[in-house]
Structures are given as structure tokens and as C-alpha cells.
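First the structure, in the form of C-alpha cells, and then the observations on it.
Proteins come first, then strands; the chains are lettered A, B, ... in the order of their sequence lines, and each starts at number 1.
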There are 2 protein chains.
Amino acid sequence: MSSASLGSMVNRGDMPAARRNATATRILDVALRLVQVRGYNAFSYADISAELRITKASLHHHFRTKAELGTALVSGYRRDFLAALDEIDRRGGDAPAKLAAYAALYLQVLRADRMCLCGILAADFETLPKAMRREVTEFFRANEVWLTGIFEHGRLAGTLRFDGDPGLMACVVVSSLEGALLVARSYGGVRSFEAVVKKLLDGLRVRS
Amino acid sequence: MSSASLGSMVNRGDMPAARRNATATRILDVALRLVQVRGYNAFSYADISAELRITKASLHHHFRTKAELGTALVSGYRRDFLAALDEIDRRGGDAPAKLAAYAALYLQVLRADRMCLCGILAADFETLPKAMRREVTEFFRANEVWLTGIFEHGRLAGTLRFDGDPGLMACVVVSSLEGALLVARSYGGVRSFEAVVKKLLDGLRVRS
DNA sequence: GTCTATAGGTGGATAGAC
DNA sequence: GTCTATCCACCTATAGAC
């Protein structure tokens with residue numbers, strides 16, 4: 001996963017990367033950015049068409065329906081995000097370091113002037129096709145599973161301190177980071193986001 | 001402000017309540033719910049028309065444009081929310097109690113199966129008319145101001161413990177609660193929301 | 001794989017009768 | 001204040017030529 005991944009992340013949907021051609025990839029890139037900035041109901045095939053100078057009919061050749069495009073979008077985003085989590089695990093380090101790396105993924109999105117794809121789709125949730133809803137829910141669930149593991153290991157190793165269920169702590173982290181991204185758009189900067197991250201990590205630190 | 005306020009909140013926009021007639025009020029009620037559930041770009045005059053059995057043309061008599069309706073919506077929401085904060089102040093109690101009451105306002109929204117109006121509009125932010133953007137930003141700013149006062153008083157009185165700028169703590173609280181609402185839609189319950197609130201309040205408690 | 005052309009629907013908004 | 005009728009722009013999607 002490249003360093004610009006979550007902002008400019010290439011999203012190949014359900015299909016293995018090798019089977020997607022360059023055009024489909026470019027369509028997904030543009031669509032991803034449009035949804036992350038405007039939301040699912042405020043972007044159209046016409047927008048992509050204008051940007052890539054390809055007719056709407058051609059877009060439908062690659063993604064038959066908007067629901068199909070949207071589903072490919074979330075599916076690929078989830079895959080790439082989970083790949084980033086694997087990369088964090090591969091690099092090693094203690095639980096606090098991994099949490100900091102996790103927060104850095106969100107900061108990357110904010111710096112690209114975007115919202116987390118699944119965060120903005122959670123706002124659009126009631127209007128999404130069923131397949132997309134499933135993908136969004138699964139994204140959050142997968143994040144929660146990964147974070148739960150971090151919290152369990154961290155407490156056992158004595159590097160994290162917290163009360164109660166590690167799974168609930170995972171909810172707390174996901175919620176706080178998504179909210180920090182959301183509100184930062186109106187605050188217009190990274191300052192409030194970084195304050196949330198600091199407070200979150202400080203609250204988990206083992207006190208001397 | 002009634003107990004069902006933030007969910008079923010009547011929103012009278014820029015105009016004093018006494019100057020809005022019953023029809024305008026019903027329009028705002030329906031529109032508020034539709035936006036809180038679907039977002040700004042996924043509701044239409046046709047939706048309101050069907051629900052109230054009034055033609056779209058009649059709706060335009062009360063609110064000339066969608067932007068005008070939207071602006072009245074946020075403006076009224078902000079006013080009612082700030083009235084709820086005044087009510088919290090009026091009831092008295094220490095800083096932790098006021099923070100708990102603040103969080104309860106959000107829980108009320110969640111229980112009505114809605115998102116905070118300004119939270120969902122933050123997701124739609126890039127697509128909003130300028131007047132609406134200003135209202136949303138002002139909503140967050142006003143919340144921040146109120147919370148900053150709570151943090152300043154709480155630290156002075158020795159009822160709250162935290163490091164750094166009270167204004168940043170206010171950002172943290174707003175962000176976390178908005179995010180908890182957002183993500184709770186996918187988690188499908190109040191459990192994750194309550195975990196965030198508990199963690200937030202515990203982190204501020206004065207330790208014995 | 002891309003195009004032109006078009007279908008059928010819905011969006012916000014207006015004119016003018018009652 | 002509500003209605004019918006209408007406008008035009010935009011939406012998703014398809015047929016069929018190249």
C-alpha cells in the first residue's frame with residue numbers, strides 16, 4: 001500500500017487487481033474521491049464522465065449500475081484499509097505504537113481533504129443499496145476486530161491500561177476517529193483532530 | 001424545550017416562533033426528520049409533499065427555495081439546541097453533571113433513530129449552499145464555546161481533571177459524540193454510543 | 001471499449017387560476 | 001394558501017452503430 005493510499009487510494013472493488021484494466025481503475029479513483037468529498041447521493045456518472053472525458057455510456061460498460069460501482073468502491077476501500085492494518089502488524093511495535101499508526105491512517109485521509117469513505121457512507125446509510133450497507137458494516141466490524149486484538153494484547157503486555165471490554169474500547173476508538181474527521185471539516189484544520197487523537201491515546205497510556 | 005426535543009424538534013428557522021403558521025411548522029418538522037435520516041441531498045420537496053399531502057407548489061410558497069428551507073432548518077435547530085444548553089445551566093449542578101446532561105442530548109437523537117442535523121450536514125458540507133455552511137459551522141462553534149466554559153469552571157472548581165486547553169477539550173467532546181452517533185447507525189444500537197460517553201466522562205473524572 | 005442517441009424518471013422552481 | 005400545469009436541467013440506464 002502506497003503512502004498516499006487512503007486519500008488517493010486505488011480501489012478495485014470485488015475483482016482482483018490484476019483483472020481490472022486501466023480505465024476501470026481510473027473510474028474508481030475518481031468516484032472514490034467524489035464520494036469521499038460529496039457523499040454518495042451528490043455524485044453522478046456525469047461528474048466522472050466530465051473529468052475523465054469518457055461518455056456516461058462507456059462508464060456503464062465498466063460498472064453496469066451506480067450500486068455496482070458503489071459496492072466495488074467500498075469493497076476495495078475495505079480491502080486496502082485492511083491491508084494497511086496488516087502492514088502495521090508487520091512493522092511490529094507495541095500496542096500504543098500500533099494505535100498511533102492506526103490514527104495516522106485517518107490523519108492521512110484528513111490531509112487529503114477527504115472523509116473516510118465508510119464514515120461518509122454511514123451518514124448516507126439509510127439511502128444506500130443493501131450490498132453497500134453490508135460492505136460499510138463489515139468495514140467497521142473488521143476495524144473493530146483488529147482493534148480488539150490490539151487492546152487484548154496491550155493489556156496483557158501491560159502497555160495499555162483501560163477498564164472493561166476490549167471490544168467496547170475498539171468501538172470507542174473507531175467512533176472518536178470518525179467523528180474527529182467529520183467535525184474537522186467544519187473546523188477547517190487538523191488541530192481538533194490531533195487533539196482527539198492525543199486525548200484518546202493519553203487516556204490509554206499506562207500511568208507511572 | 002420538550003423532552004422529545006432533539007428528535008422531534010420543531011424548527012422554525014429564522015423567524016420567531018409566533019410568526020410561523022402551522023403549515024410552515026409542519027413542513028419544517030418533516031424536513032428536519034428527513035434530513036436527519038437521509039441527508040440533505042437525498043430528500044426532496046416531493047417527499048414532503050407526499051407526506052403532508054400538499055403540492056410541491058404550495059411548499060414553495062412557504063419556502064421559496066430548498067436552500068432557504070435548509071437554512072431555516074439549521075438555524076432553528078441551532079437555536080433549540082442552545083436553548084437546551086441554557087436549560088442545563090439553569091438546572092445547576094457541577095461540571096461532570098452538565099457534561100452528562102450534554103451527552104444525554106445526543107443520546108436522545110440516537111434513540112429517535114436520527115443523526116444530529118449538523119453532524120449529517122457536516123458530511124454533506126461540500127455540497128451545501130453557503131448560508132447553510134455558515135449555520136453548521138456556527139452550531140459547532142457555539143457548542144464549543146459552551147463546553148469551553150464548562151471545562152474552565154470544572155477545572156477551577158476541582159471537579160474536572162484534564163491537561164491543556166479547555167477549548168481543545170471542547171473539540172474532543174463534540175467530535176467524539178458526533179462520531180459516536182455516526183458509527184452507532186452501523187452498529188445498530190446505543191451500546192457503542194454509551195461506551196464512548198462513559199470513556200469520555202471517566203477520562204475527565206477527578207481521581208481519588 | 002467507446003461512441004451517439006434516447007428513453008423514462010425525478011429534481012427544483014415558476015405562472016397563473018381559484 | 002393551495003391548486004393545476006408546465007419548464008428545463010439532470011439523473012440512471014439502455015440500444016445499437018463503429
Side-chain angles (χ1 to χ4, degrees), chain A residues 12-13 15 17-32 34-35 37-74 121 124 126-133, chain B residues 12-13 15 17-35 37-74 120-121 124 126-133:
Chain A
R12 293 176 183 82
M15 206 174 284
R19 294 198 48 219
R20 290 252 187 228
N21 63 34
T23 303
T25 299
R26 291 198 315 158
I27 292 169
L28 286 165
D29 274 343
V30 172
L32 177 62
L34 289 172
V35 176
V37 172
R38 300 186 202 168
Y40 183 72
N41 296 303
F43 95 100
S44 70
Y45 274 45
D47 296 324
I48 306 173
S49 170
E51 197 158 327
L52 294 181
R53 302 197 197 182
I54 286 176
T55 60
K56 291 188 288 173
S58 295
L59 299 178
H60 279 284
H61 170 76
H62 294 281
F63 300 96
R64 230 159 293 255
T65 67
K66 190 180 179 182
E68 195 176 293
L69 171 57
T71 305
L73 223 45
V74 199
L121 291 180
D124 295 329
E126 294 299 319
T127 71
L128 297 182
K130 278 201 171 63
M132 287 187 71
R133 290 194 204 188
Chain B
R12 294 179 183 81
M15 206 174 283
R19 293 198 48 220
R20 289 249 188 233
N21 63 35
T23 303
T25 300
R26 292 198 315 156
I27 292 169
L28 287 165
D29 274 343
V30 172
L32 176 62
R33 174 169 43 78
L34 288 172
V35 177
V37 172
R38 300 186 200 167
Y40 183 72
N41 295 302
F43 95 100
S44 70
Y45 274 46
D47 296 325
I48 305 173
S49 170
E51 198 159 327
L52 293 182
R53 302 197 195 183
I54 286 176
T55 60
K56 289 193 292 172
S58 294
L59 299 178
H60 279 284
H61 170 77
H62 294 280
F63 300 96
R64 232 161 291 255
T65 66
K66 191 181 179 181
E68 195 175 295
L69 171 57
T71 305
L73 223 43
V74 200
I120 205 162
L121 291 180
D124 295 329
E126 293 299 319
T127 71
L128 297 181
K130 279 201 171 62
M132 288 187 70
R133 290 195 205 188

| In chain order, what residues pass the side chain to side chain donor-acceptor pair (under 3.5 Å) check against A:T65, with sequence neighbours excluded? | none
| said: Once salt bridge (Lys or Arg N to Asp or Glu O under 4.0 Å) is applied, do any residues pair with A:E51, and if so which ones, sequence neighbours excluded? | reply: A:R33
| message | Between the opening five pairs and the closing five pairs of the helix from C:dG1-D:dC18 to C:dC18-D:dG1, how far apart are the helix axes, to 10°? | response | 0°
| Leading and trailing nucleotides of DNA chain D with any atom under 4.0 Å from heavy atoms of chain B | D:dG1 to D:dT4
| said: According to side chain to side chain donor-acceptor pair (under 3.5 Å), who are the partners of B:T55, at least two apart in sequence or on a separate chain? | reply: B:S58
| query | Who pairs with B:T127 by side chain to side chain contact (heavy atoms under 4.5 Å, CB included), at least two apart in sequence or on another chain? | reply | A:R38, A:A42, B:N41, B:D124
| With the sugar-phosphate defined as primed atoms, P, OP1 and OP2, and the base as all remaining atoms, what B/S/- string results for nucleotides 8-13 of chain C, 5' to 3', for protein heavy atoms under 4.0 Å? | ---SBB
| said: Going by side chain to side chain contact (heavy atoms under 4.5 Å, CB included), name the residues that satisfy it together with B:A50, two or more places apart in sequence or in a different chain. | reply: none
| request: May I have the step-by-step check of side chain to side chain contact (heavy atoms under 4.5 Å, CB included) for B:I48 and B:L52, ending in yes or no? | output: CA-CA 6 Å; B:I48 305 173; B:L52 293 182; 3.8 Å; yes
| field | Partners passing side chain to side chain donor-acceptor pair (under 3.5 Å) against A:S44 (at least two apart in sequence or in another chain) | value | A:D47
| Which residue pairs pass the ring-ring contact (aromatic ring centres under 6.0 Å, His included) test when at least one of the two sits in residues 44-70 of chain A, sequence neighbours left out? | A:Y45-A:H60
| field | Sequence neighbours excluded, every pair satisfying salt bridge (charged side-chain N to carboxylate O under 4.0 Å, His left out) that has a member inside residues 53-74 of chain B | value | none
| field | With B:R133 via salt bridge (Lys or Arg N to Asp or Glu O under 4.0 Å) - residues at least two apart | value | none
